[in-house]
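Below is one structure, written out as structure tokens, with a few remarks after it.
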There are 2 protein chains.
Amino acid sequence: MAKIKERESFRSRLKAVGLRHTLPRERILAYLDRKSIHPTPEELYQGLKKKGYPIGLSTVYLNLQVLRDSGLLWEFKDQKGNTRYDGFGEKHHHLFCLQCGAIEDVLVRELPEFDPEPIRKAVEAKNGWFIEEARLELRGVCPNCQ
Amino acid sequence: MAKIKERESFRSRLKAVGLRHTLPRERILAYLDRKSIHPTPEELYQGLKKKGYPIGLSTVYLNLQVLRDSGLLWEFKDQKGNTRYDGFGEKHHHLFCLQCGAIEDVLVRELPEFDPEPIRKAVEAKNGWFIEEARLELRGVCPNCQ
DNA sequence: GGTTTCAACTGGACAAAATCCAGGTATACA
DNA sequence: TGTATACCTGGATTTTGTCCAGTTGAAACC
């Protein structure tokens, strides 16, 4: 059954970073693990409640922080300054619309032109850093606003 | 004189986006226009005061927002979730240390391996967006923390 | 399975960050 | 130099996020 397989996936993701599997964490990860979904903490809280999952707002904030610190979530600011979270499993970059604020995911596998490897190597050689992750932030105008 | 030339530069940058030139704006832009400088609003406020420039905290917040909306500043969140601003004029990307939180700028002209043009074109063709700016966010471990 | 241990959850109080407002000031342009 | 108005400011207010102390529930033993 897909539901069980999915649950196991969250369980192993949490285990991999040394965190316990709990219902709130699974639900947060499940809620965020979709393409182009980037809620604020408040929106996530409301969204989970609407799905019939009672959860405390403190729990939402707490876990967004914990999951971010473990690298399971990506935190960023939108055009209006709101804090948003992204937990979509597949590697991707972000498109921001400067007009309407829309945020769209662009899958890495659909962008063969962009290979982060040479950049990683160059930065490691020149700056002495070790690079774990490279993401692109693209700002422009979405189709609807053109 | 360098000071006057610099001032003219800020003046024209502001004019280009339809904003008035004011002392607070010039000082904020001047403060931020250095490599690897990314203060929080509070730090910027304190930094300006320390330089002997009296300024209101509301003014700092107000202008950070206005300048961000006009594209003169780049807003982002650091590893701890603090909002930070970047006004360094030369095109660059960001390095984030996952251990100590250090943030370093990497100049685009020192990264010949990374050319955003093909990406821009690909995204415009595939997703129908018009892309104005492409920035990389690199997360890893800085030399001091290795 | 039952028990134990401690991480994780929770609501509500609290603190910090950011915004709003109304009056005064400085800028741009004629 | 005068005038309209964008902009600045301190303080009040709202919003966002954190802390705390009691309770719950996950995992690891037997």
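Chain letters run A, B, ... following the sequence lines, proteins first, then strands; residues in each count from 1. Side chains included, hydrogens not; waters and symmetry mates left out as well; all remaining heavy atoms used.
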Value rounded to 0.5 Å, distance of CZ in B:Arg13 from CG in B:Leu67: 10.0 Å
Tell me the interatomic distance from B:Tyr85, atom OH, to C:dA18, atom P, rounded to whole angstroms. 7 Å
Anything under 30° is parallel, anything over 60° is perpendicular, the rest tilted; go ahead and classify A:His94 against A:Phe96. perpendicular
Which comes earlier along DNA chain C counting from the 5' end, the contact point of B:Leu23 or that of B:Pro41, where each point is its nearest nucleotide? B:Pro41
Figure out the NZ/C1' separation between A:Lys77 and D:dG17, and round it to whole Å. 12 Å
May I ask you to say what A:Gln65 touches in the nucleic acid, namely base, sugar-phosphate or nothing, with a heavy-atom cut-off under 4.0 Å? sugar-phosphate
Write down the distance between CZ (A:Arg25) and C1' (C:dA7), rounded to a whole number of angstrom. 8 Å
Of the candidate nucleotides C:dA18, C:dC9, D:dT9, which contains the atom at the shortest distance from the side chain of A:Asn63? C:dC9
Gap between atoms CG and P, on B:Leu57 and D:dT9 respectively (whole Å): 11 Å
Whole angstrom is fine here: how far is it from CG in B:Leu14 over to P in C:dA26? 18 Å
Looking only at non-hydrogen atoms, find the nearest pair between A:Arg20 and A:Leu14 and report the distance. O-CD1, 3.8 Å
Side chain B:Ser58 and base D:dG11 donor-acceptor under 3.5 Å: yes
Of the listed C:dT19, C:dA18, D:dT9, the closest approach to the B:Thr83 side chain comes from C:dA18
Nucleotide D:dT3, atom C1' - distance to CZ of B:Arg20 in whole Å: 11 Å
How long is the line joining NZ of B:Lys15 and C1' of D:dC7, in whole Å? 18 Å
May I have the distance from B:Leu19 (atom CG) to C:dC29 (atom P), rounded to whole angstrom? 13 Å
Counting only side-chain heavy atoms from C-beta out, which of C:dA28, D:dC8, C:dA8 sits nearest to A:Thr22? C:dA8
Which of the following nucleotides, C:dA18, C:dG12, C:dC9, is nearest to the side chain of A:Leu62? C:dC9
If each of B:Tyr61 and B:Arg11 is mapped to the nucleotide of DNA chain C with the nearest heavy atom, which maps nearer the 5' terminus, i.e. the 5' end? B:Tyr61
Centroid separation under 6.0 Å, is that true for the rings of A:Tyr85 and A:Phe76? no
Would you give the length of the straight line joining atom CD1 of B:Ile131 to atom NZ of B:Lys121, rounded to the nearest 0.5 angstrom? 13.0 Å
